Amino acid sequence: MLPVLFRLTFTSLWAQLLLYALAVGTVGYIAFNGWRGAVGEVDPKTGTRKAVVLADRLLRAAGFGLAGAGLAWFGLKYALPEGAFPGGKGEGIPLHTYGVLLATGFMTAVTVAGRLARDEWRRVELVDGQWVDVEGPKKREQVMDLAFWVLIGGIGGSRLLFVLVNWKDYSRDWTQALSLGGGLVFYGGLIGAAVAAWFFARAHGMDFLRLADVCIPTVSLGQCLGRLGCFSAGCCWGDVAPAHSATAVHFPGSGLAQDLFGQVGNASSLAYTSQLDDTRFVVEATGQILHQAAPDAVRISDWVAQHGHTLGVYPTQLFESLGQLVLFGALLYARRLRRFHGHIFALWLMAYAVLRTTVELFRGDVERGTLHGLLESLGAQGLADAVPLEAWFNISTSQSISLCMFALGATLLYQKGRRGAGEVAGEAGPTPSAA
């Protein structure tokens, strides 16, 4: 576990000025990308786009710049102290392994999606005696443009679902829902990103299902790296494993986790913090969890306090990371066999629902939201007691979403599959001959 690579602090005036300059430059770069990516309106008579006008460029640059300024504001408030920024928290900029891997996964997914979009919409024409792809590069740029909105929608959706799942924690002070602390939920990010992509496709005259076929395999690629970040941060951990399990891992408590340069941090892994507050009992040899004392059972909180790290748990983060990598490769191969737009999207919805539901069976973080927790939060303690935390039917929030997602994928596969392969055939355009 390597939760933090290193931490940048901004205590000196020069460091603070440098951070301000970096923020201004970043916002300017975002606005410039909005400016240069502007496109003209679609002529309803001809179906072609008009030449882009100055007003379009200015409006788009302003929108991008405003979004970038909002992100910069949150970043400066978090990093700078009170004296350098109103309401500043002075936390500096910790380079979290989770954030690095998540960002790397996102950028890798966007890069691959851009390449796939160029190949998907490749249309070769003879221009000035040379065969030129006149459509593929444009679609690649549009996918790169889409990435910004997917990022905003993904972050917003993942944060919203986290707050909804943990609504009791935020009901005392709803302003904390906008804080930079807290967590994110993958399914919330997926839904938010999908909504953003749908609006983007509609605004640019793109077939959403065709766009989804291009982009959805790269979601698995990004999540493959993202789950490695979860492992580094000690979140999304698994249930207690038998003592001699070959796959069991331990997450450290306070004062044990180090950064890239060997500096020991004070933060505990989330898995350790959770088990430290867990008053249930466990039979260490078998990993069986009980709600009352029994022979060979020890209270979980006492065990972790004594040892300074968690009990051995299943590395569910690694399970899902490997599964996502396999799913990415399988869907890339399946693209050759697709029969209609939405085919790959439907297969992903079904396959990931099965993968996620299976991994959830080994999860141990009840904080993620379960049926037991929902009933308990609604005051139905009697019903909650009838659904023990360890029961297989104590389904999690993610498993509930997975059931809906599998049904959606199956419905799409059935309805679209009945119409045959006419949508996909012959869309690549002419291929230049060897002559």
Side-chain angles (χ1 to χ4, degrees), residues 1 97-98 101-102 105 109 154 157-158 161-162 165-166 183-191 193 216-242 245-251 269-271 274-275 287-289 310-331 347-374 387-410:
M1 177 180 169
T97 310
Y98 175 82
L101 286 170
L102 199 64
S158 60
L161 185 56
F162 180 84
V165 170
N166 300 278
L184 304 172
V185 178
F186 170 72
Y187 264 142
L190 177 65
I191 295 171
I216 204 65
T218 67
V219 173
S220 286
L221 178 60
Q223 185 68 348
C224 170
L225 295 175
R227 283 304 183 195
L228 295 180
C230 292
F231 184 76
S232 298
C235 66
C236 307
W237 61 94
D239 207 352
V240 177
S245 173
T247 59
V249 296
H250 300 270
F251 290 100
S269 63
L270 295 177
S274 177
Q275 289 193 359
Q288 182 182 9
I289 296 179
T310 67
L311 288 151
V313 297
Y314 292 110
T316 47
Q317 311 95 326
L318 303 184
F319 293 166
E320 185 171 341
S321 179
L322 178 60
Q324 291 279 31
L325 182 61
V326 172
L327 184 55
F328 169 70
L331 290 180
L347 291 176
W348 186 90
L349 289 174
M350 299 171 66
Y352 180 69
V354 172
L355 171 64
R356 183 59 181 269
T357 300
T358 304
V359 172
E360 287 285 316
L361 296 175
F362 295 90
R363 288 278 288 266
D365 51 336
V366 295
E367 295 86 346
R368 72 192 186 280
T370 62
L371 178 58
H372 173 93
L374 175 61
V387 186
L389 285 173
E390 302 79 23
W392 65 267
F393 51 86
N394 180 33
I395 62 174
S396 66
T397 304
S398 295
Q399 285 174 314
S400 302
I401 297 175
S402 293
L403 291 173
C404 299
M405 200 166 75
F406 186 92
L408 176 61

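FYI, side chains are in, hydrogens and waters are out, and symmetry mates aren't considered; it's all heavy atoms of this structure. Numbers here simply count residues along the sequence, with the first being 1. These figures come from a predicted structure and were not determined experimentally.
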Is Arg356 close enough and on-axis enough to Tyr187, meaning under 6.0 Å and within 45°, for cation-pi? yes
Atom of Ala248, atom of Ala241 and distance for their closest heavy-atom approach: CB-CB, 4.0 Å
Rounding to 0.5 Å, atoms OG1 (Thr218) and CG (Leu331) come to a distance of 10.5 Å
Quick one: does Leu101's side chain get under 4.5 Å of Arg227's, heavy atoms only? no
Closest heavy-atom contact between Pro217 and Phe328? O-CD1, 3.1 Å
Hydrogens and angles aside, do Glu360 and Ser396 bring a side-chain donor and acceptor to less than 3.5 Å of each other? yes
If you measure from OG on Ser402 to CG on Leu355, what distance do you get to the nearest 0.5 Å? 9.0 Å
Interatomic distance, Leu408 atom CG to Ile401 atom CD1 [nearest 0.5 angstrom]: 13.0 Å
Does the side chain of Trp348 come under 3.5 Å of the side chain of Ser220 through a donor N or O and an acceptor N or O? yes
Does some side-chain heavy atom of Phe362 sit less than 4.5 Å from a side-chain heavy atom of Asp239? no
Just wondering, do Phe251 and Val313 contact through their side chains at under 4.5 Å, heavy atoms? yes
Here the pair of heavy atoms bringing Arg363 nearest to Thr316 is CD-OG1, 3.5 Å
Looking at side-chain heavy atoms only, is the closest gap between Val240 and Gln275 below 4.5 Å? yes
Just do the ring-ring contact (aromatic ring centres under 6.0 Å, His included) check on Tyr352 and Phe186 with the steps written out, would you? CA-CA 12 Å; Tyr352 180 69; Phe186 170 72; 5.4 Å; yes
Heavy-atom side-chain proximity of Asp365 to Leu270 below 4.5 angstrom: no
Test your reading of the model: is there a side-chain donor-acceptor pair from Thr370 to the backbone of Val366, 3.5 Å cut-off? no
Flag, side chain of Ser158 to backbone of Leu190, donor-acceptor distance under 3.5 Å: no
Gln317 and Trp237 have their tightest heavy-atom pair at NE2-CA, 3.8 Å
Could you pull out the closest heavy-atom pair between Ala351 and Leu327, with the gap in Å? CB-CD1, 3.5 Å
Of all heavy-atom pairs between Ser269 and Gly234, which one has the smallest distance, and what is that distance? CB-CA, 4.3 Å
Taking the side chain as every heavy atom from C-beta outward, state whether Pro315 and Phe319 have any pair of such atoms under 4.5 Å apart. yes
Within the 3.5 Å criterion, strictly below it, is a donor on Ser245 or Thr247 matched to an acceptor on the partner's side chain? yes
Just by distance, do the side chain of Gln223 and the backbone of Gln324 share a donor-acceptor pair under 3.5 Å? no
Sub-3.5 Å donor-acceptor pair from the side chain of Thr358 to the main-chain atoms of Val354, do we have one? yes
In Å, rounded to the nearest 0.5 Å, how long is the span from CG of Leu403 to CD1 of Ile395? 6.0 Å
Gap between atom SG of Cys236 and atom CG of Leu318 - 0.5 Å precision: 11.5 Å
